[in-house]
Amino acid sequence: MRPAPAGAGHTGRRPDLDRAPITVAWEITRACPLRCLHCRAEAIPHRDPRELDTDEGRALIDDVAALGTRVLVITGGDPLARPDVFDLIAYAASRGLHVGFSPSVTGRLTPTALTRAVDAGTGSVHLSLDGASAEVHDGFRGVRGSFDRTLSALRHVRDLDVPLQVGTSVTRSTVGDLPGVAEAIAGLASTWSLFFLVPTGRGQVSDMLDAHEHEATLAWLADVADELPFRVRTTAAPTYRRVRAQRGLAEPPAASANDGRGFCFVSHVGEVHPSGFLPLPVGDVRKASLMTIYRDAPLLKRLRDPSQLGGRCGRCEFRRTCSGSRARAYALTGDPLAEDPTCNHQPHPGDDARAASSPGR
């Protein structure tokens, strides 16, 4: 398998997440024909005329490179809806960025398109598989035949010899299929990324796991992850770090990253958000550099300061490496600094003092 470009992996030294994100995700378009039940973007059928154009996209890529960020994720919508997507990939790769390409499995995702993306400089490909059967996956994605097309695309990426990240949305309708998905992607994926539903966009609270279900699912994942033939990551589930730590297990990748801390999101119209799941604009790349926005936006600075957290998250002994899902806290309470309502960990009396005095776990 082709190795990741220099700078894309772990360097052995923790980056300064106050100065630069490890990863920037750029939603280059919201156009997508799928009708996914969970869609953060609430995708639209046609491209928005307000999208960042090609020159503005190159300027954004220059900003990302100037920050010292290692990874640029090109996502959507369906990024293949933009005819300049391969040019943008090539430009980002020429600036030394590891390009993660996250297309939707639509009619545009042909073997030729995948090959062009890799030839342009894609460092890794992300595809979503949300069930171990067509019934579950197609029901979740809202399009019949999506399951079979996804499996075909997964196999083609494997044959292109580029790292493949498979994403799975974790909801009440998909959680029972997680063992089957893990089995289905063995021999194909280099990373399995589990996205724990945040009720934003089309995502509904009724589809989200409750605190007990989150805990049980993360405990299962911690028990099996190190035996799986691929790396495991979680999104919108920083509590996975706490669950692993309580079992004496090693930290997962990017062990301190969270919404606005080590990660930020740029929308199709240039708005900067802490993440795609925390849709609070903190700046506009048409008006200020990404460096200035990331380092100086008041909300991002507060999100990176554990002392600003409220409730149990503010008292928790794991607050420096976990800090709870800021996106889910905002979605459920309206306050991005509130305690994470889907974590059932109860800090012991005095844990807040130990957390405050700890230099970081």
Side-chain angles (χ1 to χ4, degrees), residues 1-9 23-34 36 41 43-48 51-62 64-65 69-129 141 143 145-167 185 187-191 193 266-268 276:
M1 179 170 286
R2 178 185 304 174
T23 300
V24 172
W26 175 25
E27 170 197 71
I28 65 173
T29 184
R30 280 198 174 174
C32 181
L34 299 181
C36 304
I44 54 180
H46 305 290
R47 292 177 58 193
D48 187 329
E51 288 174 2
L52 297 179
D53 64 25
T54 303
D55 288 340
E56 289 172 320
R58 291 195 184 103
L60 172 60
I61 290 166
D62 288 339
V64 174
T69 293
R70 299 197 297 259
V71 179
L72 175 67
V73 176
I74 291 181
T75 184
D78 178 15
L80 287 169
R82 282 187 61 146
D84 62 351
V85 61
F86 304 114
D87 294 333
L88 293 169
I89 291 171
Y91 187 74
S94 76
R95 294 305 317 272
L97 294 168
H98 176 92
V99 181
F101 181 49
S102 182
S104 299
V105 182
T106 69
R108 298 186 184 98
L109 191 67
T110 63
T112 298
L114 281 167
T115 300
R116 285 189 68 188
V118 171
D119 289 345
T122 292
S124 58
V125 174
H126 176 279
L127 296 172
S128 295
L129 183 67
R141 291 283 159 180
V143 177
S146 177
F147 178 75
D148 290 336
R149 287 192 293 272
T150 299
L151 291 180
S152 178
L154 294 175
R155 297 184 189 107
H156 188 69
V157 174
R158 176 198 58 192
D159 294 342
L160 289 173
D161 196 28
V162 65
L164 171 63
Q165 177 173 300
V166 175
I185 64 176
L188 297 172
S190 56
T191 301
S193 186
V266 182
S267 80
H268 64 299

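Note: hydrogens, waters and symmetry copies are ignored here, and every other heavy atom, side chains too, is used. Residue numbers count from 1 along this sequence.
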Between Asp119 and Arg116, is there a side-chain N and carboxylate O pair less than 4.0 Å apart?
->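 Answer for the salt bridge query: no.
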
Kindly write out the residues that satisfy salt bridge (Lys or Arg N to Asp or Glu O under 4.0 Å) with [X], not counting sequence neighbours, or none if the list is empty.
X: Asp87; value: none
X: Arg158; value: none
X: Asp84; value: Arg82

Please name all residues satisfying side-chain contact (heavy atoms from CB on, under 4.5 Å) with Arg95, sequence neighbours left out, ordered by chain then number.
->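 Once residues adjacent in sequence are excluded, the partners of Arg95 under the side-chain contact (heavy atoms from CB on, under 4.5 Å) criterion are Ile61, Asp62, Ala65, Tyr91.
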
Verdict with reasoning, Val143 to Arg149, per side chain to side chain contact (heavy atoms under 4.5 Å, CB included) | CA-CA 11 Å; Val143 177; Arg149 287 192 293 272; 3.4 Å; yes

Rounded to the nearest 0.5 Å, how far apart are [atom1] of [X] and [atom2] of [Y]?
X: Glu56; Y: Asp53; atom1: CD; atom2: CG; answer: 4.0 Å
X: Leu151; Y: His156; atom1: CG; atom2: NE2; answer: 15.0 Å
X: Thr69; Y: Leu97; atom1: OG1; atom2: CG; answer: 7.5 Å
X: Thr29; Y: Leu80; atom1: OG1; atom2: CG; answer: 10.5 Å

Tell me, do [X] and [Y] make a side-chain contact under 4.5 Å, heavy atoms counted?
X: Leu109; Y: Leu114; result: yes
X: Val166; Y: Leu188; result: no
X: Leu127; Y: Phe101; result: no
X: Trp26; Y: Val64; result: no

Go through the steps for His126 and Thr191 under the test side chain to side chain contact (heavy atoms under 4.5 Å, CB included), then give the verdict.
-> CA-CA 9 Å; His126 176 279; Thr191 301; over 6 Å; no

Any chance the side chains of Gln165 and Ser124 put a donor and an acceptor closer than 3.5 Å?
->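 The criterion, which ignores hydrogens and geometry beyond distance, is not satisfied for Ser124 and Gln165.
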
Is it true that a side-chain atom of [X] and a backbone atom of [Y] form a donor plus acceptor pair closer than 3.5 Å?
X: Ser104; Y: Gly77; answer: yes
X: Thr122; Y: Ala117; answer: yes
X: His268; Y: Arg30; answer: no
X: Thr75; Y: Glu27; answer: no

Can you name the side-chain hydrogen bond (donor to acceptor under 3.5 Å, both in side chains) partners of Ser267, sequence neighbours left out?
->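 With neighbours one apart ignored, the set is empty.
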
Residues in side-chain hydrogen bond (donor to acceptor under 3.5 Å, both in side chains) contact with Thr106, at least two apart in sequence or another chain |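 If we apply the side-chain hydrogen bond (donor to acceptor under 3.5 Å, both in side chains) test to Thr106, skipping adjacent residues, the hits are Asp78.
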
Return the minimal non-hydrogen interatomic distance between [X] and [Y], and the atom names on each side.
X: Gly121; Y: Ala93; value: O-CB, 3.8 Å
X: Gly123; Y: Val162; value: O-CG2, 3.5 Å
X: Ala113; Y: Arg108; value: CB-O, 3.5 Å
X: Pro79; Y: Val85; value: O-CB, 3.6 Å
X: Thr150; Y: Ser128; value: CG2-O, 3.3 Å

